[in-house]
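Below: the structure, in structure tokens.
In what follows, chains carry the letters A, B, and so on, assigned in the order in which the sequence lines appear, proteins first and then strands, with residues in each chain numbered from 1. These figures come from a predicted structure and were not determined experimentally.
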Amino acid sequence: MEKPSIPQGTRDFGPAQVARRQHIFGVIRRTFEQFGYAPIETPTLENLSVLTGKYGDEGDQLLFKVLNSGNFLVKERRGEITPLVTADDLAQGPRAVLPKIAEKGLRYDLTVPFARYVAMNRATLTFPFKRYQMQPVWRADRPQRGRYREFWQCDADVVGTDSLLCEAEIVLMMAQVLNGLGLVDFTIKINHRGVLRNIYQALGSEGKETDLFVAIDKLDKIGRDGVTKELLEKGFSDAAIDTLFELLTVGGGYAKKLQRLLAGFVTAGVEPDSQRPGPQEPTDEADDSADAYYRGLNELAAVRDLLQASGFTQFNRLEFDPTLARGLSYYTGCIFEVKINNVAMGSVSGGGRYDNLTGAFGLPDVSGVGFSFGVDRLYDCLEELELFPAGTGTLTRVLLAQFDAASLAAGLPLLAQLRAAGVPAELYPDAAKLKKQFQYADQKGIPYLLLAGPDERAAGQVKLRDMRAGQEQLLSVAEAVAVLSQAQ
RNA sequence: GUAGAUAUAGCUCAGCUGGUUAGAGCGCCGGAUUGUGAUUCCGGAGGUCGUGGGUUCGAGCCCCAUUAUUUACCCCA
């Protein structure tokens, strides 16, 4: 006999787990809808051409590819057999073979399919277009703590506007969901690709930009010494590394850090990368820093102002972290990441602005910004912190016991009556021993049991048992239905 | 892809320097109670010790291989 199993990194969810997951989905869905996002769904399968090249080399390797249907090795036409994969292809390796045998893949995230959707439906969409999407995604990653090969993401994105109000509302939604789930000890980290680029420029633009970002993103994990070591290996100079830590170790709150970085950039002679918005008034030539305008720093300041004006109060949970450098290469503006404190778990949410994501699908110059919740990680955090509301997972309120053929016949109309009254009810399907039927109700956590055996029927009544209290009372059918429909 | 750990009953795990018939808790089944769960008491079933080799008089235990699971790295929700 074959032992049943499921693929690595996938899970079954039983009724109790699904109930808890639905709770998470519900909080997220309500929040997204409150902010005006509309749900869409996209196919599990995308053409590989849509997916490849969007997530970097690492990402391409983590894509699940789907083998072409039929005989993917040869093409047979009028008895003539042509090999689809040649010896040449095989000699060249997987890169040459793959496109010949697989043209579809499982979606890797929800952002790229969304960009594809926007590009395809541009004519019918009203911009700015706000959508949310809650679907599973797949990554051929090696599973470990908080990391699965199949997991659910809940994305909210808006395309077609540059407004920083979107960024501010992302913070509002993140906070609302986490508060709603009871995960109140969280930190929303925010940074800006522009700030990272300015830091790179402040170091004299030596070495590779991505090497720098990858290294400083690990600062809180491997510490200053670890980052220094990694940067030296990547060919950065001691002087550059010193400058880097002068910039990164600026203390203070959100606004203070912005100020200090601004001063740091000016001192380092970083070229302003943007125009001051609004009317161009003549400025005081004597003060250089008043003229210095850096898009990253200024947008971060604007987001903070918008949050304040929106009545956001949890600024102690919002941290401007100039070391946050979050992977996905398509981000160009603000970037976000959310950590739950006191839990050994990676980020539960992340996102950012991408100025030209739909460009890859023939729709250039459309700015988008969005973020994603990882439901499975939220679940793991809630479980670890024991924050799930108590509940049995069953929705059934009452179980009708079955005694014999007569009680079955009498039970069916009663069952219909209960359901019509809005009471989730079930009738035990067999005339089993009462002990067994009681155990069934007990194990499922059904709070009431309705007994209508020969004795009760003779008296024209039913017996209602409260399973938790262990008490029974004899009632008329109408009274029992009334009690059950009220005792919600 | 790299490195480590683990694999014994349905589940969680014991199992001594290698030595008779491999144990516990929980769960499951039956009974005490032929109209009453959770609680209590009594009884019972269930394991070719992941798989394949090897060492040994003898292997759950030691060695090799293999598969699966898991943790960390890379990267990420």
Side-chain angles (χ1 to χ4, degrees), chain A residues 1-11 14 24 28 55-63 94 107-111 134-155 174 210 213-215 217-218 221-222 226 230 325-329 336-340 344-352 370-381 392 399 401-404 407 428 431-458 462-472:
Chain A
M1 186 188 71
E2 188 188 336
K3 264 192 186 173
S5 63
I6 56 176
Q8 190 182 39
T10 65
R11 286 118 348 121
I24 299 173
I28 295 173
Y55 310 105
D57 282 347
E58 293 261 3
D60 285 353
Q61 283 172 13
L62 297 181
L63 287 173
R107 80 168 94 76
Y108 176 93
D109 71 359
L110 300 178
T111 308
M134 311 202 301
Q135 291 188 276
V137 303
W138 292 266
R139 295 184 190 178
D141 215 350
R142 188 150 295 194
Q144 51 189 273
R145 184 187 180 82
R147 182 176 250 191
Y148 306 98
R149 293 186 130 179
E150 177 182 57
F151 61 100
W152 283 66
Q153 289 193 328
C154 299
D155 275 39
M174 285 173 163
T210 50
F213 298 164
V214 168
D217 191 43
K218 296 182 200 163
K221 204 167 180 178
I222 61 177
E230 186 160 330
R326 157 122 321 269
L328 293 177
S329 42
F336 304 95
E337 182 168 280
V338 180
K339 276 276 303 170
I340 305 300
M345 180 68 56
S347 60
V348 296
S349 179
F371 74 114
S372 178
F373 283 110
V375 172
D376 306 81
R377 284 189 177 175
L378 286 171
Y379 184 102
D380 291 344
C381 288
T392 56
L399 176 73
Q402 182 178 165
F403 291 79
D404 46 32
S407 85
Y428 197 85
K433 286 184 185 173
L434 270 194
K435 180 188 176 83
K436 196 168 177 83
Q437 303 192 43
F438 268 69
Q439 280 177 345
Y440 176 81
D442 184 53
Q443 279 164 18
K444 273 188 76 170
I446 300 172
Y448 291 97
L449 196 57
L450 206 48
L451 299 155
D455 298 350
E456 288 81 8
R457 282 204 305 283
V462 294
K463 191 186 273 179
L464 182 65
R465 182 180 178 88
D466 181 330
M467 292 294 283
R468 277 171 296 202
Q471 286 168 348
E472 296 176 349

Could you list the protein-to-nucleotides 39-41 of chain B atom pairs, N/O on both sides, closer than 3.5 Å?
none

Close N or O pairs between protein and nucleotides 27-29 of chain B (under 3.5 Å):
| from | atom 1 | to | atom 2 | distance (Å) |
| --- | --- | --- | --- | --- |
| rC28(B) | OP1 | Gln443(A) | NE2 | 3.3 |

Taking only nitrogen or oxygen atoms into account, show me every contact under 3.5 Å that the protein makes with nucleotides 47-50 of chain B, one pair per line with its distance.
none

Protein-nucleic acid N or O pairs under 3.5 Å, nucleotides 3-12 of chain B:
none

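The side-chain contact (heavy atoms from CB on, under 4.5 Å) search around Asp455(A) returns none, not counting sequence neighbours.
For rG1(B) and rG46(B), the P atoms lie 43 Å apart once the distance is rounded to whole Å. Distance noted for atom P between rU17(B) and rC61(B): 15 Å (whole Å). Taking the P atom of each, rC42(B) and rU33(B) are spaced 16 Å apart, rounded to whole Å. Nucleotides rA22(B) and rA14(B), compared at atom C1', are 11 Å apart to the nearest Å. Taking the C1' atom of each, rG19(B) and rG60(B) are spaced 13 Å apart, rounded to whole Å. Atom P of rG18(B) sits at a distance of 16 Å from the matching atom of rG58(B), rounded to the whole Å.
Straight-line distance from the CG atom of Asp442(A) to the C1' atom of rG37(B): 5 Å, rounded to whole Å. Distance, Glu58(A) CD to rU2(B) C1': 13 Å, rounded to whole Å. Look at CG on Asp141(A): it is 13 Å from P on rU70(B), rounded to the nearest Å.
With rA77(B), rU36(B), rC75(B) as the choices, the nucleotide that has an atom nearest any side-chain atom of Lys218(A) turns out to be rC75(B). Counting only heavy atoms from C-beta on, Arg139(A) has its side chain closest to rC76(B) among rU36(B), rC76(B), rA72(B). Here rA77(B) is the nucleotide among rG35(B), rA77(B), rC73(B) with the atom lying nearest to any side-chain atom of Ser347(A).
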Q) Taking only Watson-Crick and G-U wobble pairs with both distances under 3.5 Å, what dot-bracket line describes RNA chain B, where [ ] shows pairs that cross earlier ones and | shows pairs with another strand? A) (((((((..((((.....[...)))).(((((.......))))).....(((((..]....))))))))))))....
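For the 3.5 Å distance criterion, the side chains of Tyr440(A) and Lys444(A) qualify, holding a donor opposite an acceptor.
Checked by distance alone, Gln8(A) brings no side-chain donor or acceptor within 3.5 Å of a matching partner on the base of rU69(B). Remark: the Arg465(A) side chain and the rU36(B) base include a donor-acceptor N/O pair separated by less than 3.5 Å.
Salt bridge Asp404(A)/Arg457(A): present, at least one basic N to carboxylate O contact under 4.0 Å.
When heavy atoms are screened at a 4.0 angstrom cut-off, Gln144(A) is found touching base atoms of the nucleic acid.
Put simply, the side chain of Leu63(A) does not reach to within 4.5 Å of the side chain of Arg139(A), judged on heavy atoms.
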